[in-house]
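Each remark here refers to the structure printed beneath this line.
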Amino acid sequence: MSKQYKAAALISGGLDSLLAAKVMLEQGIHVEGINFFTGFCVEGHTAAIRKKHQDKPKRNNALWSAEQLGIKLHIIDIVEEYKDVLINPKHGYGANMNPCLDCKIFMVKKAKQWIEENDFDFIITGEVMGQRPMSQRKEVMPVVVNESGAGDILLRPLCAKNLPKTRPEIEGWVDRDKLLAFHGRNRKPQMALAKEFGFEDYAAPAGGCCFLTDENYATKLVDLWQARSTRDYEMDDIMLLKIGRHLRPKPYFKLIIGREEGENKFMQGYSKLYSHIKTVSHAGPLCLIDGPADKADLEYAAQIVARYSQGKNQDAVTLSISRVGEEPYEVTVKPLTADEVKQEWHV
Amino acid sequence: MSEHSLDARRLLCPMPVIRTQNKVNELLNGDTLVVTCTDPGVINDIPAWCRINGHEIIGTEQNDDDIIIKIKVKH
Ligand code: SF4
């Protein structure tokens, strides 16, 4: 019996990686999926936090893809190592804070390490030449091959026919004739192939696979770095950038104000780590304070929070202020008026 | 065959899934793992991960604060 070759497929949860893996399965290759968690992945998070999305079923698209394919999926936490990719990308950023090319190189490099440890033969990705402006341009396809160290064991089944032959093709592990020649931004060939394979209800994220492609998110990240005078972050920071209203009335502190019950509940989990403000006399949001705010700053912040409470048009609103490690105390303040909450504070 | 537990409270998906996966990989066939979580996303994600990887869900409970999922490890 001939050997069954084994491929590790990078599964993002999008259509392309789903199709690429399916093309390999059709050729009798043993495929297992790898999904990297950078901390910025779009999967689930905000939908899980915000109540208003709770009518929609929450699913992790990478797990969903693996289930459709009938393959195992290994989810790998790369949060710590990814910091260097994001903070110092050799090839720079895309339209927002997305270091897509460095990200691809890093993920393929990690996949190579994984296949060596797990005795797999090659790596596949769902890349399509010319599809994305930064990481999938024709000129950069070999950059990923070379800089990741994967060399000729990186196969892109969806556009392989446009690229030089890889080892799996040369050695006959896979049949190059049955690989594809997709290119460019037109998604119709992928959609037709999905139909042929019977895939429905697949995920089609608009911007990309992570929050770093999102303009609002990228603005908040840059603001955080500027305020702290350092380009660093912790997991808690990147989670909190995804939720709430962020207002920075002074350069050294900002308010994160819950927009609805689900966010308030989630933010409650951070109340031991951050100073926070909560309305007492009226219904209102929970607000976390990020940065070294002093007593006067916190009272000013309380006036801002009061603006977002049911008491916004009253003369006096009572709030509770809790500083980390101290007993909470109450203050009664006049809410700021709509005009006093400056537009430029909104991050 | 032994029973193990994992505290994945306050973690957001997919972190509870990753922690579950890493813990299950250390366990033996027939062991059970009780995972306690707070992110409602796990109600879909942990069973999906178990289906894909061949492990069995033997119970799911939910109270006001926590979601508790019991898994039988099958290697
Ligand atoms: S969108 Fe995000 S996860 Fe996807 S390649 Fe770009 S940086 Fe990486």
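In what follows, chains carry the letters A, B, and so on, assigned in the order in which the sequence lines appear, proteins first and then strands, with residues in each chain numbered from 1.
- In this structure, B:W49 and A:N60 have side chains that are not in contact, with every pair of non-hydrogen atoms separated by 4.5 Å or more.
- With contacts defined as side-chain heavy-atom distances shorter than 4.5 Å, the pair A:M97/A:F211 does not qualify.
- Annotation: A:E215, atom CD; neighbour count of heavy atoms from other residues, nucleotides and ligands within 6.0 Å does not exceed 12.
- Using a 4.5 Å heavy-atom cut-off against chain A, no residue of residues 67-75 of chain B qualifies as contacting.
- Under the 4.5 Å side-chain criterion, counting only non-hydrogen atoms from C-beta, A:I78 is in contact with A:F106.
- Neither the backbone nor the side chain of A:L69 comes within less than 4.5 Å of any heavy atom in chain B.
- For A:E326, the CD atom counts as densely surrounded, since its 6.0 Å shell holds more than 12 non-hydrogen atoms of other residues, nucleotides or ligands.
- Under a cut-off of 6.0 angstrom, the local environment of CZ in B:R19 is sparse, with at most 12 non-hydrogen atoms contributed by other residues, nucleotides or ligands.
- Ranked by heavy-atom pairs under 4.5 Å with chain A, the first of B:R9, B:R10, B:Q21 is B:Q21.
- A:Y274 has its side chain out of reach of A:I289: every pair of non-hydrogen atoms, C-beta onward, lies at least 4.5 Å apart.
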